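Right, one structure below, let's go through it.
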Amino acid sequence: KQEVTQIPAALSVPEGENLVLNCSFTDSAIYNLQWFRQDPGKGLTSLLLIQSSQREQTSGRLNASLDKSSGRSTLYIAASQPGDSATYLCAVMEYGNKLVFGAGTILRVKS
Amino acid sequence: GAGVSQTPSNKVTEKGKYVELRCDPISGHTALYWYRQSLGQGPEFLIYFQGTGAADDSGLPNDRFFAVRPEGSVSTLKIQRTERGDSAVYLCASSTGTGKKETQYFGPGTRLLVL
């Protein structure tokens, strides 16, 4: 059974810092890996999607990498801002199109 | 509509009651998913529809849970004889259904509280 683990569970940083969120998964038979953002009381917003054949994706200040063979992904956020404060979820897509999520990293960026 | 919508946004019910949760996917999306998110956890897969049929219902926890999508658009998640452990946020997502490269677009969720 696929298991997705996210480290750290929570992170508090001052504004302007670069930071890395980590995600690991136990079964490398995935179609893709996605990073989502969730704000309190809201649904999930997709940030980046990396296909299983790709190594990384970039969007603005966000960069996500994927090492499928070792079962790891990182989300890099450059020059963090208070508006980046949210829960960040990592999810892998398995056969059947279902997503398996980690428990998330709660990020707080202090101004 | 512009995004996935879910109604109601909040539902409070008593143990043993029946509830229905509704999801309106993005227009034209043939794939629809239900997930359940407990406090402090990531969402857990419940069921996936491709068109009107359930392509994968392996995540439904027991036979008290049932979902339908009769016309291939709106879906209803039905929970019979609710239990306190059913309290969670129920999330719906939709995608174009054209392949494995697509993003799932999530609605805001229905927060269910069973007293």
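These numbers come from a predicted model, not from an experiment. Just so it is clear: chains get the letters A, B, ... in the order the sequence lines come, proteins before strands, and each one is counted from 1.
At a 4.5 Å heavy-atom cutoff, the contact between A/Gln38 and chain B is made by side-chain atoms alone. With a 4.5 Å cut-off on non-hydrogen atoms, B/Ser58 touches chain A through its side chain but not through its backbone. Interface remark: A/Lys42 contributes backbone atoms only to the contact with chain B (heavy atom separation under 4.5 Å). Heavy atoms of A/Leu89 lying under 4.5 Å from chain B belong exclusively to its side chain.
Heavy atoms from other residues, nucleotides or ligands lying under 6.0 Å from CD of A/Glu3 number 12 at most. Other residues, nucleotides and ligands contribute at most 12 non-hydrogen atoms within 6.0 Å of the CZ atom of A/Arg108. Surrounding OH of B/Tyr105 are at most 12 heavy atoms belonging to other residues, nucleotides or ligands under 6.0 Å away. Sparse packing is recorded around CZ of B/Phe66, with 12 or fewer heavy atoms of other residues, nucleotides or ligands lying under 6.0 Å away. Residue A/Arg37 places its CZ atom among more than 12 non-hydrogen atoms of other residues, nucleotides or ligands, all under 6.0 Å distant.
Ranked by heavy-atom pairs shorter than 4.5 Å toward chain B, the options A/Gly41, A/Ser52, A/Ala103, A/Ala9 are led by A/Ala103.
Summarising the geometry, atom CG belonging to B/Leu91 is positioned 11.5 Å from atom CG belonging to A/Leu99; distances are rounded to the nearest 0.5 Å. Note: B/Leu113 CG to B/Asn10 CG = 9.0 Å, rounded to the nearest 0.5 Å. The distance from atom CD of B/Gln104 to atom CG of A/Asn97, rounded to the nearest 0.5 Å, is 7.0 Å.
Under a hydrophobic clustering in which Ile, Leu, Val, Met, Phe, Trp and Tyr are joined whenever their side-chain heavy atoms come within less than 4.5 Å, directly or via other members, A/Val4 and A/Tyr31 fall into different clusters.
Looking only at side-chain heavy atoms (C-beta outward), B/Tyr18 and B/Lys78 come within less than 4.5 Å of each other.
Between the side chains of A/Ser69 and A/Asp67, at least one donor N or O lies within less than 3.5 Å of an accepting N or O.
Smallest separation of non-hydrogen atoms from B/Lys11 and B/Val19: CE-CG1, 3.9 Å.
For residues 34-44 of chain B, the interface with chain A (any heavy-atom pair closer than 4.5 Å) comprises B/Tyr35, B/Gln37, B/Gly40, B/Gln41, B/Gly42, B/Pro43, sorted by residue number. Residues of residues 70-82 of chain A lying under 4.5 angstrom from chain B, judged on non-hydrogen atoms, do not exist.
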